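The model shown is predicted, which means the values in this text are computed figures rather than measured ones.
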Amino acid sequence: MRLLIFEYATASGIEDPEIFLEGRSMLEALLADFRDLEIEFLLSERFANIEIQSSCRPTIITGSLREWLRENLHGFDACIFIAAEEDMELYKLTELVEDSGVLLLGSSSEAVRVCSDKRMTYRALRGVVPLIGTYEMDDPEELPSRVLIKPADGVACQGIRILEAKDLPEIPENMIIQDFVEGESVSVSLLSDGRRALPLSLNSQNILIRGDSLEYNGGVTPVDHRMRDEAFRVARRAVESIKGLRGYVGVDMILADKPYVVEINSRITTPYIGLRRISEGNLGHMVLQSVMGELPERVKFNGTAHFRKGSRGMVVDIRRGAEGGN
């Protein structure tokens, strides 16, 4: 199999410090997991001199990433890439790969579209799983005393603010308002074949509150928790309720009186870089097999992975211990 791998920011030349460190680390993780295949990965000429840990030499793009893909995708059997939901980039690139006819190691464009817009996600999951209360712009009388405002297509903690409802500014149309729920910030990593989902791990999230804004700084995977099994059930139900979610999927949640779904990430998420290091099997190949319709019966992990932002990428500290898994 000839496989194309790329990460949107480094392949298109966009310098975004908010996602660069995580994106670079996830790119290196995919390159390591698929090193036994015939792989090619992309870098913008702007980043031609950055060091990417891989035995594979990059293909340097001198112009538009999209134009390169349109002209060259047909030469590959499959493609897996990393991109953020912001400005619907993940959706646009997914649609481009789909249109090429190349096997996409990820979710369908329609599933990505639903998950990239938090308003659409909320509507799709309303009545299916417990959700964080989400409000329309014309419902100010229904707001609780403390709320979050965030971009409808935001990624990680970018653009999120915590405010008192009485202090709300005029909200742009691309923002949503949600309840501020006190609880533990976690995520669930899953594999999906498009119909069935298999929870892999519960992951803690290190969310820093700076004034009225939030910042994501890594986490730990897998973690145990008294609500783990319930969180797994809710995450599985959420993923199986949106047609076309395939491969690796992440569900962000708040554990309070019960698990509340915050959003679904229809893509590789940061815990992948830790999980692959402690998995007894090749996690990248499991993603491939899931897209092909074959979910593993169980995935075992040996130890825990602690990850945080460093100067060149995500720093991962592996602590061996008792086996864990779904």
Side-chain angles (χ1 to χ4, degrees), residues 1-7 26-27 29-39 76-83 85 90-91 93-95 97-98 100-116 121 124 187-203 221-222 231-252 261 263-301 305 324-326:
M1 174 181 285
R2 189 160 185 249
L3 175 65
L4 177 66
I5 302 174
F6 68 91
E7 188 274 322
M26 287 188 279
L27 172 63
L30 290 178
L31 291 173
D33 280 353
F34 290 110
R35 63 185 178 274
D36 58 333
L37 301 181
E38 184 184 353
I39 61 174
F76 296 88
D77 300 304
C79 175
I80 187 169
F81 67 91
I82 301 154
E85 292 85 353
L90 179 62
Y91 167 69
L93 288 168
T94 299
E95 194 173 42
V97 176
E98 277 184 342
S100 74
V102 169
L103 175 64
L104 173 65
L105 303 191
S107 299
S108 72
S109 59
E110 180 56 27
V112 170
R113 186 171 74 94
V114 171
C115 295
S116 293
T121 308
S187 68
V188 175
S189 298
L190 307 95
L191 292 174
S192 175
D193 64 5
R195 296 180 300 106
R196 300 169 299 125
L198 174 71
L200 300 177
S201 65
L202 182 69
N203 321 304
T221 185
F232 276 7
R233 285 193 294 271
V234 170
R236 178 191 288 118
R237 194 179 309 129
V239 170
E240 291 179 347
S241 297
I242 297 180
K243 183 180 179 181
L245 286 174
R246 291 192 296 267
Y248 182 103
V249 182
V251 179
D252 287 348
V261 172
E263 63 187 51
I264 298 179
N265 297 301
S266 54
R267 55 176 173 82
I268 301 287
T269 59
T270 307
Y272 180 95
I273 66 175
L275 288 172
R276 62 168 297 275
R277 294 271 301 275
I278 55 176
S279 171
E280 291 192 356
N282 185 311
L283 194 53
H285 285 224
M286 293 180 204
V287 171
L288 170 60
Q289 292 302 314
S290 297
V291 171
M292 301 294 289
E294 298 178 21
L295 286 178
E297 291 186 8
R298 188 181 182 207
V299 180
K300 294 182 180 180
F301 301 107
N326 57 301

| Separation between CG of L245 and CG of L190, rounded to the nearest 0.5 Å | 9.5 Å

| query | If only atom types and distance count, is the side chain of S279 paired as donor or acceptor with the main-chain N or O of F301 below 3.5 Å? | reply | no

| remark: Closest heavy-atom pair, L202 versus A231, reported as atoms and distance to 0.1 Å, is CD1-CB, 4.2 Å

| query | Between L105 and V287, which heavy-atom pair has the shortest distance, and what is it? | reply | O-CG1, 4.4 Å

| said: Working to the nearest 0.5 angstrom, can you tell me the gap between L103 CG and L4 CG? | reply: 12.0 Å

| said: Taking the side chain as everything from C-beta on, heavy atoms only, tell me whether L104 gets closer than 4.5 Å to F81. | reply: yes

| message | Please check: side-chain N/O of E110 versus main-chain N/O of G244, any donor-acceptor pairing under 3.5 Å? | response | no

| query | If you take all heavy atoms of S108 and E98, which pair is closest and at what distance? | reply | CA-OE2, 3.3 Å

| Nearest-0.5 Å distance, CD of residue E95 to CZ of residue R113 | 9.5 Å

| task | Using the six-membered ring wherever Trp is involved, compare the ring planes of Y272 and Y248 and label them parallel, tilted or perpendicular (cut-offs 30° and 60°). | result | perpendicular

| query | Got more than 12 heavy atoms from elsewhere within 6.0 Å of CE, M1? | reply | yes

| task | Give, for atom OG of S107 and atom CD1 of I264, the distance between the pair rounded to the nearest 0.5 Å. | result | 9.5 Å

| task | Could you please spell out the steps behind the side chain to side chain contact (heavy atoms under 4.5 Å, CB included) verdict for H285 and D36? | result | CA-CA 10 Å; H285 285 224; D36 58 333; 2.9 Å; yes

| query | How about D77 and L3: do any of their side-chain heavy atoms sit closer than 4.5 Å? | reply | no

| Heavy-atom side-chain contact between I242 and C115 under 4.5 Å | yes

| request: Kindly give the heavy-atom pair with the smallest separation between S290 and L295, and that separation in Å. | output: OG-CD2, 3.4 Å

| task | Give the minimum heavy-atom separation between G106 and V291, together with the two atoms involved. | result | N-CG2, 3.8 Å

| So do P222 and I278 actually touch side chain to side chain, heavy atoms under 4.5 Å? | yes

| message | With a 4.5 Å cut-off on side-chain heavy atoms, are N265 and E85 touching? | response | yes

| Can you check side chain to side chain contact (heavy atoms under 4.5 Å, CB included) on T221 and S189, steps first, answer last? | CA-CA 9 Å; T221 185; S189 298; 5.6 Å; no

| request: Would you confirm whether D193, through its side chain, and E294, through its main-chain N or O, come within 3.5 Å as a donor-acceptor pair? | output: no

| Checking R35 side chain against A32 main chain: does a donor-acceptor pair fall under 3.5 Å? | yes

| Does a side-chain heavy-atom distance below 4.5 Å link P271 with S201? | no

| query | Looking only at atom types and distance, does a side-chain atom of S100 sit under 3.5 Å from a main-chain N or O of V97, one as donor and one as acceptor? | reply | yes

| note | Between D33 and the options N282, L288, I39, the side chain to side chain contact (heavy atoms under 4.5 Å, CB included) test singles out N282

| remark: For L90 and A83 the tightest heavy-atom approach is CD1-O, 3.9 Å

| request: Please round to the nearest 0.5 Å and tell me the distance separating atom OG of S116 and atom CD of E263. | output: 10.0 Å

| message | Once ring pair (Phe, Tyr, Trp, His ring centres under 6.0 Å) is applied, do any residues pair with Y91, and if so which ones, sequence neighbours excluded? | response | none

| field | Distance, nearest 0.5 Å, that separates CG of L27 from CD1 of I80 | value | 10.5 Å

